[in-house]
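To keep things clear, I will list the structure first and then write my remarks on it.
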Amino acid sequence: MGTLKAVRGTRDLLPPETELWNRVEAVVRGVFARYGFGEIRTPVFEDTQLFARGVGEETDIVSKEMYTWQDRQRSESGVGQSLTLRPENTAGVVRAYIEHKLADSGMLQKLYYIGPQFRRERPQRGRYRQFWQIGAEVIGPAWSGSDSAIRDAEVLEMLATLLDELGIKGWRLALNSVGSSTDRPRYVAALREALEPVKAGMCENCQRRAETNPLRVLDCKEPGDQAVIDALPKIAEYLDEASREHFAQVKAALDACGVAYVVEPRLVRGLDYYTRTTFEFTVADGSGLGTQNALLGGGRYDGLSEMLGGPKAPGIGFAIGEDRLILTLQAQMALAADATLGAKKLDAFIAPMGVAQNAAALVLAKELRAQGLTVEVGDGTFRLRKSFEAADKLAHRMVIVGEDEVSSGILTVKYFEAGEQTKVPRSELAQVLRG
RNA sequence: GCGGCUAUAGUUCAGUGGCAGAACGCCGCUCUGUGGCAGCGGAUGUCGUGGGUUCGAAACCCACUAGCCGCCCCA
């Protein structure tokens, strides 16, 4: 073993890429604020039970992708608590909602988060073991209107606006309803029954899915299986009247807002807590994501709070894969030959001539920075030539601080773009550099 | 977790068994307080790691690690 490296599936984010991350997050926070969301920050690790109960024991996430360990034993209880790095953030948000009795306000809660999540999957482009999600949840007691279709439509309209403001091109919204918490098991049972006589003729994957997770069969892309899949029962036929009406209202509101969507009866989502509306935003091939083309996903979870021992509190939420969002932006920027990926140039580079001028140069830098200018300082041991070379890469202008300048208070400013040079009194320097 | 491809300089890559290479970038000099251009010069390095085959391995073999692609699943 030689030098230490970031562990598999994790990565460092360095400048100037982090600047893009910050820009994205600034846009996100702005949009969320306009829609009335406030930020929540929950712990990165939680009691393992939270995810087992919330996300679902049988899901891939819980059954094989969690980073779980036993905490150090406490003196009296004997066994340490089982803890898990959060694989997603909705369960944590709902846990906090219950714990802090937010339902008692009677108000709709609109909460958003930005933070790392952890899943032990095979890493791939756009899929990391520590990855970042930007998510939001709308949750509240039923009388707050949290189960209304207007909330679903509002969230989807916000996402469309957000992607547009971020400059994501070619996104596509896929929409479906998986029915209420009673519709869904009925449908799964019907699927299982319908698959029993025909599954032998399907691909290997589907034969396995027919046993483990019949809903997944609907996702199969194997051409030979499509005829069989088309003949399977449709989820829409298993929705009760209320769910059907709810879905119709969501679609009508989206139509009214001019948000384009495609109803995909086959869109099923992996987490157990989803009810009624489920959705996914994807980008076209060639947007830098390969087959990991889902930018964000989400849905309604009317029973989650109760599953976690809380009050009845319907909700809807989503999670954006921030890594994938950035990857897409980078690919689309490169495609558009957008040259703004590089670091921004500073307002000024200050070049002390000789070590004796170092302190004076640093004082000048301090003054300029205090006035909001971005400034870098050289070193007096540099020859002037070297200062110029460094300055030209970093900044738009260079300020020379030599003996003459310090004693006279008149500084020499070089403008790289114009190739011109002027003398500026120290009192006017900040103003000149700002221009 | 399964399958495939890949790993050489800071970067992008060439190098099919015989001295470790190119381009870009970097550093120095031409040029002592005036950059970009140009000329000349220099350093690029555990050839991913460990083992094996061979007189000799960056190259062939094995294992491991990591990345990418596909599957699974998902953000």
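Order of the sequence lines fixes the chain letters, A, B, ..., with proteins taken first and strands second; residue numbering starts at 1 for each chain.
If you check B/G35, B/G70, B/C68 against the side chain of A/Tyr128, the one that comes closest is B/C68. For A/Arg8, the listed nucleotide lying nearest its side chain is B/G67; candidates were B/G67, B/G35, B/G33. For A/Arg122, taking side-chain heavy atoms from C-beta onward, the closest of the listed nucleotides B/G3, B/A66, B/C26 is B/G3.
The residues A/Asp347 and A/Arg369 are annotated as not salt-bridged, no charged nitrogen and carboxylate oxygen being separated by less than 4.0 angstrom. Between A/Glu165 and A/Arg34, at least one side-chain nitrogen of the basic residue sits less than 4.0 Å from a carboxylate oxygen of the acidic one, meeting the salt-bridge criterion. Classification of A/Glu154 and A/Arg151 as a salt-bridged pair holds, one side-chain N sitting under 4.0 Å from a carboxylate O.
Residue-level contact check: A/Leu295 touches the backbone only, with heavy atoms under 4.0 Å from sugar-phosphate atoms and none from bases. Counting any heavy atom pair closer than 4.0 Å across all strands shown, A/Gln124 reaches a base atom. Residue contacts for A/Gly9: at a heavy-atom cut-off of 4.0 Å it reaches the sugar-phosphate backbone alone, with no base atom in range. At the heavy-atom level, A/Glu88 lies nowhere under 4.0 Å from the strands shown.
The side chain of A/Gln421 places no N or O atom within less than 4.0 Å of a non-bridging phosphate oxygen (OP1 or OP2) of B/U34. Taking only side-chain nitrogens and oxygens, A/Lys5 never comes nearer than 4.0 Å to OP1 or OP2 of B/G48. In terms of phosphate contacts, A/Arg385 brings no side-chain nitrogen or oxygen within less than 4.0 Å of OP1 or OP2 of B/C31. Put simply, A/Arg120 has a side-chain N or O that comes within less than 4.0 Å of OP1 or OP2 on B/G1. The side chain of A/Arg383 places an N or O atom within less than 4.0 Å of a non-bridging phosphate oxygen (OP1 or OP2) of B/G33.
B/C47 sits 37 Å from B/C73 when the C1' atoms are compared, rounded to a whole Å. The same atom, C1', is picked in B/U6 and in B/A43; the two are 29 Å apart, to the nearest Å. Straight-line distance between the P atoms of B/G50 and B/C55: roughly 23 Å, to the nearest whole Å. Comparing B/C69 with B/C29, their P atoms are spaced 45 Å from each other, to the whole Å. Separating the P atom of B/U11 from that of B/C72 is a span of 34 Å, rounded to the nearest Å. Rounded to the nearest Å, the gap between the P atom of B/G56 and that of B/A66 is 32 Å. When the C1' atom is used for both B/C62 and B/G21, the distance is 29 Å, rounded to whole Å. Rounded to whole Å, the P atom of B/U12 lies 26 Å from the corresponding atom of B/C71.
Both distances falling under 3.5 Å, in either a Watson-Crick or a G-U wobble arrangement, occur for no nucleotide opposite B/U34. Using N1 to N3 plus N6-O4 or O6-N4 for Watson-Crick, or N1-O2 and O6-N3 for G-U wobble, each under 3.5 Å, B/C29 pairs with B/G39. Of all nucleotides present, none satisfies the Watson-Crick or G-U wobble test against B/U53 with each distance under 3.5 Å. Checking B/G3 for Watson-Crick or G-U wobble geometry (two distances, each under 3.5 Å) identifies B/C69 as its partner. Remark: B/G48 base-pairs with B/C64. Criterion, Watson-Crick or G-U wobble with two distances under 3.5 Å. Of the nucleotides present, B/C13 is the one that pairs with B/G21 by Watson-Crick or G-U wobble criteria, both distances under 3.5 Å.
Rounded to a whole Å, the CD atom of A/Glu405 is 13 Å from the P atom of B/U34. Rounding to whole angstrom units, CZ of residue A/Phe349 and P of B/G33 are separated by 14 Å. Between the P atom of B/U34 and the CG atom of A/Asp392 lies a distance of 16 Å, rounded to the nearest Å. Rounded to an integer number of Å, the gap from A/Ile350 CD1 to B/U34 P is 20 Å. If you measure from atom CD of A/Glu420 to atom P of B/G36, you get 18 Å, rounded to the nearest angstrom. Atom CG of A/Asp60 is separated from atom P of B/G1 by 13 Å (rounded to the nearest Å). Rounded to whole Å, the distance from CD on A/Gln207 to P on B/C72 is 14 Å. Spacing between atom CZ of A/Phe388 and atom P of B/G35 amounts to 7 Å, rounded to whole angstrom units.
When the nearest nucleotides of RNA chain B are assigned to A/Leu296 and A/Ala6 by heavy-atom distance, the more 5′-ward of the two goes with A/Ala6.
For the 3.5 Å distance criterion, the side chains of A/Asp183 and A/Ser180 qualify, holding a donor opposite an acceptor. Side-chain contact check for A/Arg300 and A/Thr277: no donor-acceptor pair (N or O, by modelled atom type) lies under 3.5 Å.
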Checklist entry - Under the side chain to side chain contact (heavy atoms under 4.5 Å, CB included) criterion, do A/Leu411 and A/Val401 qualify, and how do the steps go? => result CA-CA 7 Å; A/Leu411 295 146; A/Val401 180; 4.2 Å; yes
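Within the cation-pi definition used here (under 6.0 Å to the ring centroid, within 45° of the axis), A/Lys251 qualifies as a partner of A/Phe247.
Judged by distance alone, with hydrogens and angles left aside, the side-chain atoms of A/Arg172 form no donor-acceptor pair with the main-chain N or O of A/Thr282 at under 3.5 Å.
Side-chain atoms of A/Arg127 come within donor-acceptor range of the base of B/C73, with a qualifying N/O pair under 3.5 Å.
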